[in-house]
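What follows is one structure encoded as structure tokens, with my remarks underneath.
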Amino acid sequence: MKSSSFTSASLSSILQPVFSLRPKPGRSIISSAVLPKPQTPLHLRPPVFQASLTELKKWHNWAKNQATSVGSTFLDLDNGPDSTLLHRELKWLIEDALQQPFMLSLGNNSDDDAPVPMRACLDDLYKLWKQRIEERRPFQYIVGCEHWRDLILSVEEGVLIPRPETEIIVDLVDDAVKRNQELRSGVWADLGTGSGALAIGIARILGPGGARVVATDLSPVAVAVASINVQRYNLQERITVRQGSWFDPLKKVEGGLSGVVSNPPYIPSEDIDGLQAEVSRYEPRLALDGGPNGMNDLIHLCNGAASMLKPGGFFAFETNGEKQSKLLVDYMDKKVRGCFYSVNIISDFAGIQRFVTGYRASD
């Protein structure tokens, strides 16, 4: 399976991965008559372009040289990708762009004038790889998708790239519903859904005939992309994507949610410019910026969960790490005391205390 540029344990822990486009507390719902049309991922485009094998090999050699020239420069600068990772990305780009990727491996006896069917023209391949190397544009935006769990999700500028650590939230939901089958019914919410990754993962866990999932996001781009991903996995009967801020689109089910999950903005404002160039230059700041200490949206979600969850309802929130997780647990204990029980801090793949989970107490 392909993996994103941010999937190694070291990069993931440095980046505090998995940010999805998240609205800020208190913003009003934005209505949009027409959502923007998402781009089609490269691997799903028809192979309507052609280039000779000679031309394609020339591009491939140029692209490999570009990747090799990076060395450890980006890694030393801001923990960005090194040449090894860039060569892997080049391989994935070829797999997505060519109908028959193996043709690039043909030996000298092959017909170099043979036309090679492609999903992007040769000029675009040059342009895309220059963007990756010279401008540090994220690979996922170049190919228009990210591999997450067993899903291939559309992503584009304006939508945060889902990181591997957030997959754990789906596993936590799976554990919760196995312990309490009543949680399989009712309504679940994925707040700040971004690409729709969590909503899709959770809907598949809940299964046909299970609870409905409502995915909310303030961004019309995120709503459009999430909707396309939901349709691609034929889950539109189980997932509703709504545009709006956090819990605002869910007022009609106040006090009745079976579960709430979210991966909100949690990076302290002053830390954002120091992130990898792929993140700080391209991914929406609104999706990263959690305020002075990164806690603004987490506190808002905690307060909302206290009023929106039904008794026994489950929540799982992602944080920046141990400090934020402990601050959130402390807030629950002191500011909304008695609202939750069985509150736990769960570590991610790298052992970082990343997630806070628990259940709504009875009134």
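Just the heavy atoms: all of them, side chains too, but no hydrogens, waters or symmetry mates, feed the values below. In what follows, residues are counted from 1 in the order of the sequence shown. The structure displayed is predicted, hence computed values, not measured ones.
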| said: Side chains of Asn303 and Tyr331 only: does a donor on one sit below 3.5 Å from an acceptor on the other? | reply: yes
Is [X] salt-bridged to [Y], cutoff N-O under 4.0 Å?
X      : Y      : value
Arg88  : Asp82  : no
Arg281 : Asp78  : no
Asp174 : Lys178 : yes
Arg132 : Glu89  : yes
Asp150 : Arg204 : yes
Arg163 : Glu146 : no
Asp330 : Lys326 : no

Working for side chain to side chain contact (heavy atoms under 4.5 Å, CB included), residues Thr319 and Phe355: CA-CA 6 Å; Thr319 77; Phe355 309 97; over 6 Å; no
Quick one, [X] and [Y] - any side-chain contact, counting heavy atoms below 4.5 Å?
X      : Y      : result
Ile133 : Trp129 : yes
Thr216 : Asp190 : no
Glu283 : Tyr141 : yes

Parallel, tilted or perpendicular: rings of Tyr126 and Trp59 (30°, 60°): perpendicular
Distance under 6.0 Å and angle within 45° of ring axis: Arg136 vs Tyr282
no
request  = Would you please indicate yes or no on a ring centroid separation below 6.0 angstrom for Phe315 and Phe340?
outcome  = yes
Are Asn320 and Met295 close enough, and set up right, to give a side chain to side chain contact (heavy atoms under 4.5 Å, CB included), and what steps lead you there?
CA-CA 9 Å; Asn320 197 22; Met295 293 293 295; over 6 Å; no
